[in-house]
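Per chain, numbering begins at 1; letters A, B, ... match sequence-line order.
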Amino acid sequence: MLLIFDGPLPVTELLKEWYEAEHNKNYGAMVTFVGTIREEGGIEALSFDIYRPVLETWFESWRRRLADKGALLIMAHSQGDVPVHASSFACAIFSPKRRVALEMLDAFVEDFKANAPIWKYDVINGRRLYAADRSTPMAGSGLLSAKE
Amino acid sequence: MLLIFDGPLPVTELLKEWYEAEHNKNYGAMVTFVGTIREEGGIEALSFDIYRPVLETWFESWRRRLADKGALLIMAHSQGDVPVHASSFACAIFSPKRRVALEMLDAFVEDFKANAPIWKYDVINGRRLYAADRSTPMAGSGLLSAKE
Amino acid sequence: MVTVEFLGPIGKAPLTLEAATLKEVAERLRQEPDVAPWLSQCAVAVNDKLVKSMDIPLKNGDRISLLPPVCGG
Amino acid sequence: MVTVEFLGPIGKAPLTLEAATLKEVAERLRQEPDVAPWLSQCAVAVNDKLVKSMDIPLKNGDRISLLPPVCGG
């Protein structure tokens with residue numbers, strides 16, 4: 001399940017919904033990751049663009065990878081502005097085995113940072129500035145600049 | 001913060017309290033682990049004994065290790081009976097950096113399984129049977145059987 | 001005719017152009033001064049599927065997307 | 001006099017005995033048939049502090065705890 005919200009995530013409601021929906025399905029472990037906007041560099045907020053069609057394909061490949069291990073993957077992300085100290089990203093993995101949950105949480109979050117088609121902007125004095133210095137080219141970038 | 005509950009953990013309330021207390025303290029990442037009782041081997045419940053003085057010392061050394069990295073560690077565990085599909089263990093790490101959160105969650109949970117002074121029993125037909133096959137000798141075990 | 005769209009911070013309106021291959025698209029985009037600097041950092045999708053090779057035949061109506069460096073979370 | 005307590009599943013009431021060292025405690029416990037099989041699997045705490053060595057002097061009133069294999073979570 002992939003959820004997109006306009007603005008901050010309702011984190012406590014999401015965690016509650018996810019736990020209540022899954023705790024009785026015989027998973028032994030739930031792990032979660034929540035990303036919250038840090039106050040730094042004078043920002044008021046971060047702002048996000050998402051390209052949903054490619055995000056859905058990327059998420060679906062992870063969902064299947066987890067399902068093959070008997071585990072369930074859920075994530076939520078914000079688009080638009082998210083103020084300092086609010087949260088823009090939450091995910092959960094439910095798994096029969098704790099090792100799968102712990103290892104896949106790490107692998108999923110790192111691949112999310114590197115390959116999910118989401119763009120981040122600092123919001124400073126109401127202006128939206130691309131966070132180029134914190135961004136990572138997706139796998140396969142540079143194809144159209146290749147000389148052959 | 002180390003919390004001990006008689007019986008099942010109120011998971012959604014704990015996650016809500018922890019997130020609400022910490023989300024505005026400029027941690028960028030929250031990770032959590034929740035352990036839930038699986039229905040297997042005909043059990044009604046698991047039951048737990050805790051030796052609190054040694055658990056507190058063990059937890060305090062982890063709390064300090066995390067604090068040295070700027071991170072906050074919280075955990076809750078049940079004592080007594082916890083029915084199938086209810087939860088007996090929950091922990092959270094709040095950290096400025098996601099790598100610290102993800103790596104320390106894994107390391108903390110694994111050390112918890114190996115060295116936290118908690119004993120597990122299957123509850124079957126109302127009888128409490130030590131889960132010897134799933135238990136691990138703590139670091140330094142066997143001291144009193146050593147020949148010299 | 002194919003359409004090229006520029007996602008996220010590139011901030012450019014879509015282009016419509018004649019191209020039979022991705023290589024022809026690349027040649028054309030290298031001539032656009034507001035796009036050329038992005039090319040080395042962008043992933044490419046054809047009809048929302050990421051591609052790893054320029055040897056992809058294009059057909060009328062195909063949609064090519066340029067995805068610049070990302071930072072979710 | 002020191003007290004030896006048996007945690008978790010060992011299920012035995014505390015023993016009180018004369019011992020000046022952990023080594024003397026070990027010698028005594030090896031003679032208890034309901035405790036001896038646990039010794040190779042138990043960690044040991046003196047006054048709630050885990051110890052790694054038998055060279056620990058004991059004093060009157062010390063409390064020794066045996067901690068059998070654990071499984072929290």
Side-chain angles (χ1 to χ4, degrees), chain A residues 4 9 33-38 46-59 61 75-79 82 87-91 108-122 128-148, chain C residues 2-58 61-73:
Chain A
I4 307 291
L9 298 183
F33 182 97
V34 175
T36 300
I37 311 301
R38 301 191 67 206
L46 293 177
S47 190
F48 298 91
D49 289 341
I50 293 180
Y51 188 57
R52 189 151 183 163
V54 170
L55 180 64
E56 282 174 353
T57 305
W58 172 86
F59 180 79
S61 76
M75 80 166 258
H77 202 285
S78 300
Q79 60 188 5
V82 182
S87 300
S88 53
F89 176 48
C91 66
F108 174 73
V109 170
E110 291 302 320
D111 192 52
F112 168 81
K113 299 296 285 189
N115 286 305
I118 301 178
W119 296 280
K120 180 180 283 179
Y121 305 82
D122 292 332
R128 204 169 183 251
L129 306 161
Y130 176 50
D133 56 329
R134 278 154 286 155
S135 297
T136 308
M138 295 168 68
S141 285
L143 181 66
L144 297 189
S145 69
K147 306 268 186 291
E148 69 245 72
Chain C
V2 299
T3 303
V4 184
E5 56 181 28
F6 303 94
L7 299 177
I10 307 178
K12 182 180 167 69
L15 288 179
T16 301
L17 47 89
E18 286 292 349
T21 64
L22 265 185
K23 203 175 154 194
E24 287 176 36
V25 172
E27 278 159 14
R28 167 66 188 278
L29 294 180
R30 281 180 207 141
Q31 294 162 29
E32 299 277 333
D34 49 353
V35 173
W38 287 99
L39 294 181
S40 67
Q41 309 172 62
C42 280
V44 181
V46 175
N47 300 327
D48 295 331
K49 191 168 166 359
L50 290 170
V51 295
K52 306 286 178 204
S53 160
M54 292 236 262
D55 300 331
I56 294 193
L58 298 176
D62 277 353
R63 203 164 35 80
I64 294 126
S65 308
L66 267 66
L67 296 91
V70 297
C71 186

About how many Å separate CG of A/Asn115 and CG of C/Leu50, when rounded to the nearest 0.5 Å? 8.5 Å

Can you tell me which portion of A/Ala116 sits under 4.5 Å from chain C's heavy atoms? Options are side chain, backbone, both or neither. backbone

Picking from C/Pro68, C/Ala26, C/Gly11, C/Ser53, which has the most non-hydrogen pairs under 4.5 angstrom with chain A? C/Pro68

Out of A/Glu56, A/Arg134, A/Lys120, which one racks up the most heavy-atom pairs below 4.5 Å with chain C? A/Lys120

Relative to chain A, which segment of C/Ser65 carries a heavy atom at a distance below 4.5 Å: side chain, backbone, both, or neither? side chain

Cut-off 4.5 Å, heavy atoms of chain C, and the answer for A/Ala132 is neither

Answer yes or no: is there a side-chain heavy-atom contact under 4.5 Å between C/Cys42 and A/Ser141? no

How close do A/Pro117 and C/Leu67 get, counting heavy atoms only, and between which atoms? CB-CD2, 3.7 Å

In this structure, CD of C/Gln41 is separated from CG of A/Leu144 (nearest 0.5 Å) by 13.0 Å

Please state whether the side chain, the backbone, both or neither of C/Leu29 comes within less than 4.5 Å of a heavy atom of chain A. side chain

Closest approach of C/Ala43 and A/Ala139, non-hydrogen atoms and distance? CB-O, 4.2 Å

Whatever's closer than 4.5 Å to a heavy atom in chain C on A/Tyr121 counts as side chain

Is any side-chain heavy atom of C/Leu7 closer than 4.5 Å to a side-chain heavy atom of A/Val54? no

I need the minimum non-hydrogen distance between A/Ser88 and C/Gly73, along with the two atoms involved. OG-O, 3.1 Å

Can you tell me how far apart CD1 (C/Ile10) and OH (A/Tyr130) are? Round to the nearest 0.5 Å. 8.0 Å

Greater than 12 external heavy atoms within 6.0 Å of C/Lys49's NZ: no

Any side-chain to backbone donor/acceptor pair from C/Ser40 onto A/Gly142? Under 3.5 Å, distance only. no

